[in-house]
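What's counted below: heavy atoms across the whole structure, side chains too, no hydrogens, waters or symmetry copies. The first residue in the sequence is number 1, and the count goes up from there.
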Amino acid sequence: MEQQTSGTAIGASPAQISVEARVSDLVRIGIIGLFAYWSLQLIAPFALIVIWSAILAVALFPLFNGLSKLLGDRPVLSATVIVIACLVLIIAPLALVAVNFADATQALVAQLKSDNFTLPAAPEAIRGWPVVGERLYAGWNQVAGNLAEAIMKFQAPLREVMGVILAKLASIGGGVLSFVASIILSGIFLTMSPRLAATIQVLAGRIGGERGVGFARLAGSTVRNVSRGVIGVALLQTLLCGLCFAFFDIPARGALTFLVFMLCLMQLGPGLVLIPAIVWAWFSWPTSIAFAFTVVAIPITVVDNVLKPILMSRGLSTPMPVILIGVIGGTLSHGLLGLFLGPIVLSVFYELLRAWAWPSEGPDAAMSSPTVPERAKAD
């Protein structure tokens, strides 16, 4: 008995045990946090590519699943077909823009090498513009009258502008390579989709329980709807505009096609390009050709008003300003890749925030019903 009492006296008190346990927990958490931070630093250069690959895999999964069943349950072959098709759809328009830009640059360089290169005189209508009309008219004619002297005078600003342009072109080239890598990686994710989906559900369940699983399903549904309703429709309208421009031999069609794609992603539509092109066609072409171009261009302008409500009406109500901010912010932050990544990430965050803040009104309330998981999977 005396030995037991002395052993208890020698042992630590409950308060000391509690403090030691907390210190041990803090040490473990610190070590885990250190390794997590280190791991994030290692994968940071590839984070955007991996995130965009995951978004592409989620968006393309219904197509992948249907194609895999059509090909006799061959996931690798289905993923390969989808990756090749995506690369063709992305590389072909970019190659068209690059070829047109190279042709225009080559023609400009050839004219600059010749001694007879001159700028046209300023139109008289410019003089009637308020405030800046006279100055712009005089400056234009001065540059047109002595181009070599004007170039030498503005040599430093022109050098800075050209440096900025070259830097932007280099960033666009890097964005294209990142986009190609993301498409290839998304094909790998598609072949591993069952295991990845199970892993995401387990992690979501460990973090937030059933509500976390619901959030994961909502995120997947949002990615699919936004990719179909925003990026899918933008690609379709851009493809139709590119074919229309090529068929009617519109000047600078590569740059105009790329501008249409940017405007469609920003939810502004191709009308800002097509309507001026229609007006120009009526003043420049014969009446029959201008009428044919108008008949083709007007349906392309309004096709998004028909397709977007159909593709984005499945329980998703992301406002247009959210998508617009995502496009602009993503482009300014991450270049070409952010152009696609921004609206999707911001839309997912908006829908999750709305479902968390107003569970009785947002999509999260609908997901509590038994039929919603099936509907989310169907999307």
Apart from V76 itself, members of its ILVMFWY cluster (side-chain separation under 4.5 Å) are none
Closest heavy-atom contact between A234 and T238? O-OG1, 2.6 Å
In short, I183 meets V83 closest at the heavy-atom pair O-CG2, 3.6 Å
Those residues that, when tested against I325, pass side-chain contact (heavy atoms from CB on, under 4.5 Å) (two or more places apart): L346
Quick test of your reading: applying salt bridge (Lys or Arg N to Asp or Glu O under 4.0 Å), list the pairs with at least one residue in residues 33-58, sequence neighbours left out, ordered by first then second residue. none
For L40, what are the other residues in its hydrophobic cluster, where any two members join if their side-chain heavy atoms are less than 4.5 angstrom apart? I43
To the nearest 0.5 Å, atom CG of L256 lies from atom SG of C241 at 9.5 Å
Test of understanding: with side-chain contact (heavy atoms from CB on, under 4.5 Å), list the residues that count as partners of T199, not counting sequence neighbours. L203
dist C86:SG -> I184:CD1 (nearest 0.5 Å) comes out at 11.0 Å
Is there a path of hydrophobic side-chain contacts, each under 4.5 Å between heavy atoms of I/L/V/M/F/W/Y residues, joining L87 to F261? yes
Pairs touching residues 37-55 that satisfy salt bridge (Lys or Arg N to Asp or Glu O under 4.0 Å), sequence neighbours left out: none
For a quick test of reading the model, state the closest non-hydrogen atom pair linking V50 to F189 and the distance between them. O-CE1, 4.0 Å
How many angstroms lie between atom OG1 of T191 and atom CG of L77, to the nearest 0.5 angstrom? 12.5 Å
Could you pull out all residues at least two apart from L240 that satisfy side-chain contact (heavy atoms from CB on, under 4.5 Å)? L236, I300
For V303, check side-chain contact (heavy atoms from CB on, under 4.5 Å) against everything at least two apart and list the hits. Q237, L307
Show me the donor-acceptor pairs within less than 3.5 Å that the side chains of residues 28-38 make with the rest of the protein, sequence neighbours left out.
| from | atom 1 | to | atom 2 | distance (Å) |
| --- | --- | --- | --- | --- |
| R28 | NH1 | D25 | OD1 | 2.9 |
| Y37 | OH | Q41 | NE2 | 3.4 |

Between L272 and L235, is there shared hydrophobic-cluster membership here, with clusters defined by ILVMFWY side-chain heavy atoms closer than 4.5 Å? yes
Counting only pairs under 3.5 Å, give me each side-chain donor-acceptor contact of residues 282-298, with atom names and distances, residues two or more places apart or in other chains.
| from | atom 1 | to | atom 2 | distance (Å) |
| --- | --- | --- | --- | --- |
| W282 | NE1 | T294 | OG1 | 2.9 |
| S284 | OG | W280 | O | 2.9 |
| S284 | OG | W280 | NE1 | 3.2 |
| T294 | OG1 | A290 | O | 2.8 |

In terms of hydrophobic clusters joined by side-chain contacts under 4.5 Å, are F248 and F245 together? yes
If Ile, Leu, Val, Met, Phe, Trp and Tyr residues are connected whenever their side-chain heavy atoms lie under 4.5 Å apart, and connections chain through other members, are L196 and I188 in the same group? yes
For A79 and G187, the nearest pair of non-hydrogen atoms, with its separation, is CB-O, 3.5 Å
Which value, rounded to the nearest 0.5 Å, describes the distance between T80 atom OG1 and L190 atom CG? 10.0 Å
Enumerate, atom names and distances included, each donor-acceptor pair closer than 3.5 Å involving a side-chain atom of residues 53-73, sequence neighbours excluded.
| from | atom 1 | to | atom 2 | distance (Å) |
| --- | --- | --- | --- | --- |
| S53 | OG | I49 | O | 2.6 |
| S53 | OG | S182 | O | 3.0 |

Is there a path of hydrophobic side-chain contacts, each under 4.5 Å between heavy atoms, that joins M192 and L185? yes
